[in-house]
Colleague: 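Structure provided below as structure tokens; questions to follow.
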Amino acid sequence: MSVSPRVVVSAGIEASARAQAVAYAPRPSVDTVWHLLTLFSRYRVVIAVILGLMYWGFQQFQVLSPQAPVLAGWTLGFYFLAAAATMAAAQWRFPAASYHLTGQVVLDVIAMTLLMHASGGVKSGIGLLLLVSLAAGGLVARGRVAFFHAAMAALAILLEQSWQILHVEGAGADFFQSGLLAGSYFVIAGLGFTLAKYASGAEQIAEARGVDLANLAQINELVIRDMQDGFVVVDGHGVIRQYNPQSESLVGGLAGSNTRALTDAAPALAKLLADWRDDPQRIFPMLRDARTQRDYQVRFVAVGEVTASPTVIFIEDAGRIRAQAQQMKLVALGRLTASIAHEIRNPLSSINHAAELLHEESERRPEDQRLLTIIQENAHRLDRMVQEVLYLNRRDRAHPEPIDAKPYLENFVRDFCANEKVAADVFVLTLATTQRLMFDRSHLDQILWNLARNARRHGRNEAKSVTILLQDAADGDYLLLEISDDGPGVSVEALAHLFEPFFTTDASGTGLGLYIARELAEVNGARLEYAGAQSQWTADATAPTGACFRLAVKGERTKP
């Protein structure tokens, strides 16, 4: 049976706190001490009032002062005034708490001893009132000073009984009762000290548990907020009790839906929950939310009975799962193809070189010329595929640098037109920013060559067929580099698979161009996306209406 780390940590904290509680009794907080002293003072005032009523209101019963009524009266008056003074001092927190407590106990010992003396000694029973004072003193002091208070009270009781025997002809048997009472003082002080010690231990454990629970609450909050998948907690009545931000991005309608019914916030999710409660073994297929247009997979976990208990709905991002699976496939594919690509390039170079030598011969039949052309075109195609496959393993080698946009893009257009044998007027270059591009130069070359090649292939190859536009984004933090063509655009069927590897609509293409372009953009902190049929960043009526790809790049302002 496994034990979670959480249980082990909690048990360790509890054991440590219990060990500290047994070893010593920590002092309570200052506010707690003065609160107890205030209650102790109020108790003393109440006792003084009760004893005063017994003395002045019920003298015919001779409860107090049968021997010295005058002494008893003065003692009660002094005791009441002193008790009121200690209560006021406790409110003002003067003097120090330890002196204040000892003063209260000394006051009780003196007053009760004098009342015992005036009432005939220990047999009057007034000495029992000191038990409460000593117990309270032990709970507040939480230390050995409680035994000092008990010793002081016991000594006063024994001296009083000795006086009774020597001067008032008290019975010697009363000494045994005095001894028992004195011993009970020590017992009460010890019990108070022990109870205070265990109360401090419990307080220590509660404090440790409180810190531990606070840490756990913070950790749970961080985990819930930052977890990649969403979750929704629904009670037995179908009311949403909790959800995390990720669930909002996956399922539309959950934003601000706490204490709302799931059927009102997300009807599709509520229907899935009802179907699952009817058949808990059912496995639901991948779903797409109509509002967010994101795919997700749901999983239900009941807290108790399935039919009417709270349920946790886990919402897994299907797009992220697909991306992870695809990434794993590409990593394995990259390792395999990288080794194969190096082996292909050497014979491929030999084939291409032999074709070029045959092409230089003067006497050739038209059939031979056609065959040589096929060999050269396919050799170039294989070489380009090998180059693109090798780029799969270079995604992490990014060294961004500031690039001056105007000379770089002008050189790019000139080199592209020369290499691809394209007329210069096919491209229109528009620069509407003074910022520099922050990008790896070789990666940017690869991205632009892929995008420009696609634009030339699918455009009409007329004047101004391909437009390259660079301008500031609306927020000013990024530069927007757009490449548009005047072709038919991307079909709806191909749009969902546009950036997937090995997907192509061109028979001579490899299907890796756009995928590698997006990968290289992300490595450089940029974002490549399909912007639609026409750029939304330009109001030019003559702007191209075909496909438009937008690269959001970090910019760097030039120093004046």
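None of these values were measured; they are calculated from a predicted model. Residue indices begin at 1 and follow the sequence shown.
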Colleague: If you count the non-hydrogen atoms of other residues, nucleotides and ligands that lie under 6.0 Å from CD in Glu522, is the total more than 12?
Modeller: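 More than 12 heavy atoms, drawn from other residues, nucleotides or ligands, come within 6.0 Å of this atom.
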
Colleague: Could you pull out all residues at least two apart from Ser41 that satisfy side chain to side chain donor-acceptor pair (under 3.5 Å)?
Modeller: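 If we apply the side chain to side chain donor-acceptor pair (under 3.5 Å) test to Ser41, skipping adjacent residues, the hits are Gln104.
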
Colleague: Which value, rounded to the nearest 0.5 Å, describes the distance between Leu287 atom CG and Leu269 atom CG?
Modeller: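 Taking CG in Leu287 and CG in Leu269, the distance rounds to 9.0 Å.
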
Colleague: Quick check: does any side chain N or O of Thr194 sit under 3.5 Å from a backbone N or O of Gly190, one acting as donor and the other as acceptor?
Modeller: yes

Colleague: Between Asp279 (side chain) and Asp275 (backbone), is there a donor-acceptor pair under 3.5 Å?
Modeller: no

Colleague: For Tyr185 and Ala154, work out which heavy atoms get closest and say how close.
Modeller: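 Smallest heavy-atom distance, with atoms named: CD1-N, 3.6 Å.
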
Colleague: Got Leu273 and Lys271 here, is their nearest side-chain heavy-atom distance under 4.5 Å?
Modeller: no

Colleague: Side chains of His149 and Val109: does their closest heavy-atom pair fall under 4.5 Å?
Modeller: no

Colleague: Is it the case that atom CD1 in Ile283 sees more than 12 heavy atoms from other parts of the structure closer than 6.0 Å?
Modeller: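 Result for CD1/Ile283: open.
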
Colleague: Is there side-chain contact between Gln91 and Thr38, with heavy atoms separated by less than 4.5 Å?
Modeller: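 A side-chain contact exists here, since the closest heavy-atom pair is under 4.5 Å.
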
Colleague: With no hydrogens and no angle check, is any side-chain donor or acceptor of Asp235 less than 3.5 Å from a backbone partner on His237?
Modeller: yes

Colleague: Measuring from atom CG of Leu129 to atom CG of Leu51, what distance do you get when rounded to the nearest 0.5 angstrom?
Modeller: 6.0 Å

Colleague: Does a side-chain heavy-atom distance below 4.5 Å link Leu437 with Leu444?
Modeller: yes

Colleague: With rounding to the nearest 0.5 Å, note down the distance linking CD1 in Ile188 to CG in Leu134.
Modeller: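 Here the interatomic distance stands at 8.0 Å.
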
Colleague: Side-chain donor-acceptor pair under 3.5 Å between Ser133 and Arg44, yes or no?
Modeller: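 Ser133 vs Arg44: no donor-acceptor pair found between side chains.
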
Colleague: Measure across Ile47 and Met112 and return the closest heavy-atom pair with its distance rounded to 0.1 Å.
Modeller: CG2-CE, 4.1 Å

Colleague: Taking Asp440 for its side chain and Pro400 for its backbone only, find out whether a donor-acceptor pair lies under 3.5 Å.
Modeller: no

Colleague: Can you give me the closest heavy-atom contact between Ile313 and Leu262, atom names plus distance?
Modeller: CD1-CD2, 4.0 Å

Colleague: Give the intermediate values and the outcome of side chain to side chain contact (heavy atoms under 4.5 Å, CB included) for residues Leu479 and Leu470.
Modeller: CA-CA 7 Å; Leu479 295 176; Leu470 179 65; 4.0 Å; yes

Colleague: Can you give me the closest heavy-atom contact between Gln246 and Gly230, atom names plus distance?
Modeller: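 Shortest heavy-atom separation between Gln246 and Gly230 comes out as CG-N, 3.8 Å.
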
Colleague: Please find the pair of heavy atoms, one from Gly525 and one from Lys554, that lie closest to each other, and give the distance.
Modeller: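 The pair with the smallest heavy-atom distance is O-CE, 3.8 Å.
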
Colleague: Has Phe80 got more than 12 heavy atoms of other residues, nucleotides or ligands less than 6.0 Å from its CZ?
Modeller: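 Not buried by this count: 12 neighbours or fewer within 6.0 Å.
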
Colleague: Report the C-alpha distance between Asp317 and Leu250 in whole Å, list the side-chain angles of each, state the deciding distance to 0.1 Å, and finish with yes or no for side chain to side chain contact (heavy atoms under 4.5 Å, CB included).
Modeller: CA-CA 7 Å; Asp317 187 356; Leu250 292 172; 3.8 Å; yes

Colleague: Evaluate the criterion side-chain hydrogen bond (donor to acceptor under 3.5 Å, both in side chains) for residue pair Arg277 and Thr311; output intermediate values, then yes/no.
Modeller: CA-CA 10 Å; Arg277 283 177 172 170; Thr311 304; 3.3 Å; yes

Colleague: Give a yes or no on this: more than 12 heavy atoms of other residues, nucleotides or ligands lie within 6.0 Å of atom CZ of Phe231.
Modeller: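 More than 12 within 6.0 Å, yes.
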
Colleague: With rounding to the nearest 0.5 angstrom, report the CD1 to CG distance, Ile240 to Leu254.
Modeller: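 It is 5.5 Å, given to the nearest 0.5 Å.
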
Colleague: Evaluate the criterion side chain to side chain contact (heavy atoms under 4.5 Å, CB included) for residue pair Met116 and Ile157; output intermediate values, then yes/no.
Modeller: CA-CA 9 Å; Met116 287 171 57; Ile157 291 295; 3.2 Å; yes

Colleague: Could you report the tightest heavy-atom contact between Ala526 and Val553, atom names first, then the distance?
Modeller: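 Nearest pair, atom of Ala526 first, then Val553: CB-CA, 4.2 Å.
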
Colleague: Nearest 0.5 Å, what's the CD-CD distance between Glu556 and Glu401?
Modeller: 11.0 Å

Colleague: Can you tell if the side chain of Asn244 reaches within under 4.5 Å of the side chain of Val232, non-hydrogen atoms only?
Modeller: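 A side-chain contact under 4.5 Å is absent here.
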
Colleague: Hey, does the side chain of Asn215 reach the backbone of Val211 with a donor-acceptor pair shorter than 3.5 angstrom?
Modeller: yes

Colleague: Go through the structure and list residues passing ring-ring contact (aromatic ring centres under 6.0 Å, His included) with Phe300, not counting sequence neighbours.
Modeller: Trp276, Phe284

Colleague: Please lay out, stage by stage, how Leu114 and Tyr79 fare under the test side chain to side chain contact (heavy atoms under 4.5 Å, CB included).
Modeller: CA-CA 10 Å; Leu114 291 176; Tyr79 186 53; over 6 Å; no

Colleague: Would you indicate whether Phe186, at its atom CZ, is surrounded by more than 12 heavy atoms from other residues, nucleotides or ligands within a distance under 6.0 Å?
Modeller: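 Yes, the 6.0 Å shell around CZ holds more than 12 heavy atoms from other groups.
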
Colleague: Between the side chains of Gln435 and Asp472, does any donor sit under 3.5 Å from an acceptor?
Modeller: yes

Colleague: How many angstroms lie between atom CE of Met152 and atom CG of Asp108, to the nearest 0.5 angstrom?
Modeller: 9.0 Å

